[in-house]
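Here the structure comes first, spelled out in structure tokens, and everything after it is commentary.
Chain identifiers are assigned alphabetically (A, B, ...) following the order of the sequence lines, protein sequences preceding nucleic acid strands; residue numbering begins at 1 within each chain.
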Amino acid sequence: MTEQETRTRSFIHDIIDEDIRSGRFGGRVHTRFPPEPNGYLHIGHAKAICLNSSIAKEYGGKFNLRFDDTNPTKEEQRYIDAIIEDVRWLGADWEDRLFYASDYFQQLYEWAVQLIKDGKAYVDSLSAEEIREYRGTLTEPGRNSPYRDRSVEENLELFEKMRRGEFKEGEAVLRAKIDMSSPNLNMRDPVMYRILHTEHPRTGNKWCIYPMYDWAHGQSDSIEGITHSLCTLEFEDHRPLYDWFLDQLGIYHPRQIEFARLNLTYTVLSKRKLIRLVEEGHVNGWDDPRMPTIAGMRRRGYTPEAIRDFCNMVGVAKSNSIVEFEMLEHAIRQDLNRRAERRMAVLRPLKVVIENYPEGQTEWLEAINNPEDESAGTRTIPFSRELYIEQEDFMEEPVKKFYRLAPGREVRLRYGYFITCTDVVKDENGQIIELRCTYDPETRGGYAPDGRKVKATLHWVSAEHARQAEVRLFDRLFLTENPDDAPEGQDFIANLNPNSLEVVENAYVEPSLAEAKPGDRFQFERLGYFCMDPDSTPEKPVFNRTVALRDTWKKIQQREE
RNA sequence: UGGGGGAUAGUUUAAUCGGCAGAACAGUGGACUCUGGAUCCAUUAGUCGGGGUUCGAAUCCCUGUCCCCCAGCCA
């Protein structure tokens with residue numbers, strides 16, 4: 001656990017405090033996360049999960065996981081499985097309270113019958129288009145359906161026929177009888193049940209009438225004894241409807257509190273859009289490391305702690321906002337800096353031959369695993385006559401402020417020796433293919449006995465001992481801060497970054513990485529944090545770059561341009 | 001133009017209900033450093049506009065402006 005113990009306060013805490021003071025729920029706090037299993041969870045859901053589970057924890061209450069599985073045409077078991085895995089991975093604990101709205105289908109059905117008997121619901125035979133016309137507009141009231149005044153007996157009979165499958169889809173719906181002239185469109189006789197001759201992942205073919213979300217949600221919370229039903233802003237207008245249903249049924253009322261959903265720059269966070277990215281092949285699946293999905297972030301190397309920390313950092317409020325992506329990057333860097341062991345890897349190798357180093361000799365030098373954590377200990381790394389350094393760590397004609405290797409210049413090889421570049425070898429095209437250097441045997445381990453300083457310390461690997469690896473570098477998926485801000489006639493797809501994935505096929509990593517397992521995270525010194533990908537094979541490990549290190553040199557370069 | 005919400009540094013948010021507008025991220029300058037990392041120090045920057053009440057207003061009142069959501073048999 002690296003994150004702060006206490007979550008930053010919010011207006012929600014104020015409300016809960018007040019409810020506890022007034023004894024509204026007998027001092028109980030019980031929250032829940034209610035996903036629809038129609039896609040993978042993303043960082044926006046993480047905010048809701050962290051909020052709900054941490055509030056339960058802080059107040060000594062309970063937290064439920066409940067699937068809102070009321071629409072079998074969009075929901076699938078594989079999504080249920082993925083969501084369970086993600087919520088668990090994030091660290092939210094629902095204990096034995098994993099529920100499904102479909103668990104309540106029978107109860108909901110009975111309540112619907114009760115409403116019909118009370119003259120509060122009716123079967124409508126209008127078509128979908130007709131219902132829309134009758135609904136009116138934002139500024140004009142709706143009109144009553146001609147079927148609105150059917151008798152209780154007729155409604156009971158028709159609803160029973162709906163349930164038995166005697167109607168085709170669209171032929172009838174059950175509606176609440178509220179007020180077609182309400183300024184709140186949700187109160188204009190909302191549909192409670194529609195007919196769907198579709199098999200449900202959990203209830204199979206038991207039902208062909210399925211409750212609408214609005215009819216299922218409030219009662220599901222009520223059944224579970226949820227005290228504080230936290231949801232996003234767009235459901236604010238639905239609250240009067242939930243209250244109406246609960247009142248008519250005479251059952252327990254949770255208190256719904258709405259908060260603003262998370263938005264992130266350079267990112268889309270809507271399931272509809274994420275599904276398109278997956279289905280149109282713009283990314284390689286839901287767990288593509290470029291995706292803002294929990295699965296994608298996990299594969300990329302994010303930790304649950306960093307995600308929780310981030311959610312805590314951005315806070316909760318009611319105003320629409322867009323968090324800068326940098327905030328997320330800060331959260332993961334902060335976490336990984338403290339926990340990830342350091343290793344050396346060279347992405348774009350440039351061969352260095354140390355002319356005065358004995359041929360065939362290998363020295364095993366000690367390297368610190370994590371300067372932020374002494375308990376991580378040390379390891380040894382091999383040093384030999386031929387090494388690789390990073391191409392960008394050498395400049396034949398160094399520009400100002402570049403203080404890495406250059407002809408005649410001395411630098412330190414981390415945990416190795418001081419070396420001085422004596423010659424530059426080029427191929428027939430003038431490309432630099434090799435550096436000739438000399439080393440100072442007195443500087444073993446990277447220390448100069450005479451106390452002389454070098455400006456730069458470079459990472460390196462021994463050519464003979466290094467392992468080849470594939471490294472995947474990710475850039476932001478979208479070019480624009482707001483991907484929806486697309487040219488006329490185009491959508492967010494037009495703003496995809498064509499260079500969001502760069503595969504480095506022939507990187508070299510230090511030999512100790514041969515023992516790494518998929519999911520292991522490291523800092524490759526001076527490059528960033530990396531996570532071993534499940535695509536790895538014993539012959540060729542694959543590393544995903546989670547996030548680069550903060551790079552002030554890059555910043556200086558960009559400023560010079 | 002109906003209804004529901006919202007507006008505090010560049011960004012995300014605090015301000016214990018009228019009492020010194022505080023933090024994080026981002027930015028900038030510096031110190032330190034065997035990672036141009038990390039760390040440390042310093043620093044730039046804010047209450048949507050206009051009135052009013054008050055000794056005192058981000059907070060209360062009036063008024064205006066701007067932004068978001070709602071017309072699925074989606075959630």
What residues form a ring-ring contact (aromatic ring centres under 6.0 Å, His included) with A/F402, not counting sequence neighbours?
A/W553
Symbol by symbol from the 5' end, with Watson-Crick or G-U pairs under 3.5 Å, [ ] crossing and | another strand, RNA chain B is .((((((..((((.....[..)))).(((((.......)))))....(((((..]....))))))))))).....
Are A/F522 and A/F530, when compared by the centres of their aromatic rings, separated by less than 6.0 Å?
no
Dump the pairs, protein N or O against N or O of nucleotides 10-13 of chain B, anything under 3.5 Å, distances to one decimal.
unit_1 : atom_1 : unit_2 : atom_2 : d
B/rG10 : N2     : A/E324 : OE1    : 3.0
B/rU11 : O4'    : A/E324 : OE2    : 3.2
B/rU11 : O3'    : A/I322 : O      : 3.2
B/rU11 : O2'    : A/I322 : O      : 3.2
B/rU12 : OP1    : A/I322 : N      : 3.0
B/rU12 : O3'    : A/S321 : OG     : 3.1
B/rU12 : O2'    : A/V314 : O      : 2.5
B/rU13 : OP1    : A/S321 : OG     : 3.0
B/rU13 : O5'    : A/V314 : O      : 3.4

Polar pairs (N or O, both sides) under 3.5 Å between protein and nucleotides 69-71 of chain B?
unit_1 : atom_1 : unit_2 : atom_2 : d
B/rA71 : O2'    : A/R135 : NE     : 3.4

Please list every donor-acceptor pair under 3.5 Å in which a side-chain atom of residues 315-326 of chain A meets a protein atom from a residue at least two apart or in another chain.
unit_1 : atom_1 : unit_2 : atom_2 : d
A/K318 : NZ     : A/E236 : OE2    : 2.4

Going by heavy atoms closer than 4.0 Å, what residues in residues 169-182 of chain A are next to RNA chain B?
A/G170, A/V173
Contact list for RNA chain B against residues 213-221 of chain A - heavy-atom distance below 4.0 Å:
A/Y213
Output all residues satisfying side-chain contact (heavy atoms from CB on, under 4.5 Å) with A/P371, sequence neighbours left out; order by chain, then residue number.
A/R342, A/I368
Sequence neighbours excluded, the answer for ring-ring contact (aromatic ring centres under 6.0 Å, His included) partners of A/Y104 is none
My understanding is that only residues two or more places apart in sequence, or in another chain, count here; which of them pass salt bridge (Lys or Arg N to Asp or Glu O under 4.0 Å) with A/E390?
none
Classify every nucleotide of nucleotides 35-42 of chain B by which part a protein heavy atom approaches to under 4.0 Å, writing B for the base, S for the sugar-phosphate alone and - for neither, in 5'-to-3' order.
BBBS----
Partners passing ring-ring contact (aromatic ring centres under 6.0 Å, His included) against A/Y417 (at least two apart in sequence or in another chain)
A/F383, A/Y439
